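Notes for the one structure printed next.
Since we're looking at a predicted model, the values are computed, not measured.
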Amino acid sequence: VAFDGRRYSRQFAEDTASVLCGLGLPVRIFDDITSTPLLAFAITALDASAGVMVTASHNPSKDNGYKVYWSNGAQIVPPHDLEIASFIDRAPSLAELSRPGPHEAALRGLRRAVGYEIERAYLDGVRSGSVHPDAGRAQPLSIVYTAMHGVGHHLVVRALREAGFEAVASVSSQADPDGAFPTVGFPNPEEEGALDQALELANSLGAELVLANDPDADRLAVAVAYGEPGVRRFRVLSGNEVGVLLGADLLQHADTGERKKLAITTIVSSTMLGRIAADLDASYAETLTGFKWLATTAIARARDHDEAFVFGYEEALGYSAGPLVRDKDGVSAAVRLAELAAWLKASGQSLLDELDRLALCHGQSSGLQWSVRLEGRAGRERIDALMSRLREHPLESLEGSPV
């Protein structure tokens with residue numbers, strides 16, 4: 001059981017642990033706030049039966065919730081989700097539940113803390129997953145990082161420094177966890193204005209790269225400097241662009257021995273990764289939206305076809321660089337992206353140059369994301385009506401093109 005820095009996250013984690021211990025189930029719980037990818041890693045590292053991460057990820061500050069993982073380290077898929085829902089419907093009243101406190105549960109041998117060795121093993125795994133292991137030391141790169149009031153600062157800055165990146169400046173006003181998210185209107189790095197403070201700091205320092213996590217550090221946003229000193233600007237990369245950069249790099253350079261490399265993305269992401277995989281004689285798969293489907297497919301393909309999963313992503317800034325974490329991982333993705341930028345810089349190239357090269361080699365792709373937020377009961381009713389209309393009368397064409 002783990003929790004992030006949102007309001008009541010620690011309390012909800014304690015509630016979860018107490019109910020589980022009351023049922024006689026032994027629990028390992030993190031003592032302090034942590035990231036979603038570290039929780040996902042801990043499940044398989046500790047050979048746990050399941051995992052719970054208390055977080056609402058990049059949702060508004062008033063939200064909270066939790067993610068449930070199965071013993072394979074991936075978020076649950078059917079039938080486990082339906083079985084859990086059926087137990088919720090049959091749950092007894094609060095007064096009927098046995099809920100031992102932390103001290104009592106520990107005395108009964110049901111509650112133990114997750115030790116530092118899990119974090120150390122995770123950081124070792126991030127380091128060993130490098131395909132350009134000396135890039136950060138061989139080529140200096142100035143980086144600005146923001147945790148966006150989330151839990152990523154500790155792990156990301158440490159992982160970057162262990163990879164050789166010493167010139168890492170953090171946005172101090174956003175470095176500490178704060179469930180109110182006071183400096184951003186919406187704690188999602190995809191949202192307009194969310195990166196303003198990071199870009200302002202990067203401009204003042206002359207930084208070359210901006211990296212940003214969402215509040216539970218499972219997503220990564222990237223901005224790249226371009227232009228001459230004095231007239232430098234930053235281009236914020238889309239999730240598809242970051243996915244293509246990381247995917248192509250890992251498909252080209254990951255060492256999987258005799259096993260065929262596998263890349264996976266979702267049906268709403270760019271098709272460019274599929275073309276790159278085909279051109280490099282690698283395997284490729286597409287899944288429904290949601291990293292639970294991506295991770296489950298990666299596990300099944302490794303089991304059934306002995307394929308080596310090297311990269312997966314969805315366009316909403318979620319990336320998995322190899323099998324270390326069977327979920328989105330904004331920490332390892334930040335390190336892999338920084339290493340790629342440094343490796344390219346050593347040969348006089350940039351991430352933007354690499355995007356151009358990939359387009360010339362594998363074909364250009366363009367994508368546009370458009371979001372509308374419909375809140376409250378009226379919003380939910382409108383969403384349901386829109387979805388019902390789409391299902392009953394699906395689009396057959398759009399501006400003359402078949403759908």
With no hydrogens and no angle check, just 3.5 Å: does a side-chain donor-acceptor pair link [X] and [Y]?
X    : Y    : answer
E314 : S269 : no
R275 : T271 : yes
S173 : Q197 : yes
S9   : N64  : yes
S86  : D89  : no

Evaluate the ring planes of F311 and Y313, with Trp represented by its six-membered ring, and classify them as parallel (under 30°), tilted (30 to 60°) or perpendicular (over 60°).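 Ring orientation, 0 to 90° scale: parallel.
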
Parallel, tilted or perpendicular, judged at 30° and 60°: which one describes the rings of H253 and W343?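 If you compare the ring of H253 with that of W343, the planes turn out perpendicular.
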
How close do E375 and K62 get, counting heavy atoms only, and between which atoms?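 Heavy-atom minimum between the residues: OE1-NZ, 4.4 Å.
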
Determine the minimum heavy-atom distance between L38 and E119, stating which atoms define it.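 Closest approach of L38 to E119: CD1-CA, 4.1 Å.
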
Is any side-chain heavy atom of [Y] closer than 4.5 Å to one of [X]?
X    : Y    : value
R6   : N59  : yes
V268 : E315 : yes
L245 : V222 : no
Q139 : H132 : no
D329 : F41  : no
L209 : V144 : no

[X] side chain to [Y] backbone, donor-acceptor under 3.5 Å:
X    : Y    : answer
R326 : L294 : no
T296 : W293 : no
R28  : A113 : yes
S320 : V325 : yes
R232 : A207 : yes

On the ring face of F186, is R373 found with NZ or CZ under 6.0 Å from the centre and within 45° of the axis?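 R373 over F186 ring: yes.
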
Which is it for T287 and I267 under the side chain to side chain contact (heavy atoms under 4.5 Å, CB included) test, yes or no, and what are the steps along the way? CA-CA 6 Å; T287 71; I267 59 173; over 6 Å; no

Residue of the set L82, I88, D81 for which side-chain contact (heavy atoms from CB on, under 4.5 Å) holds with I84: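 It is I88, the one option of L82, I88, D81 that forms the side-chain contact (heavy atoms from CB on, under 4.5 Å) with I84.
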
So for atom CZ, which belongs to R377, do other residues, nucleotides or ligands contribute more than 12 heavy atoms lying within a distance under 6.0 Å?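 Result for CZ/R377: open.
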
Run E208 and S350 through side chain to side chain contact (heavy atoms under 4.5 Å, CB included) and show every step you take. CA-CA 10 Å; E208 301 160 87; S350 71; over 6 Å; no

Side chain to side chain contact (heavy atoms under 4.5 Å, CB included) between D214 and L317: does it pass, once the steps are laid out? CA-CA 9 Å; D214 67 337; L317 309 186; over 6 Å; no

Which residues pass the ring-ring contact (aromatic ring centres under 6.0 Å, His included) test with H154, not counting sequence neighbours?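 Once residues adjacent in sequence are excluded, H154 has no partner under the ring-ring contact (aromatic ring centres under 6.0 Å, His included) criterion.
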
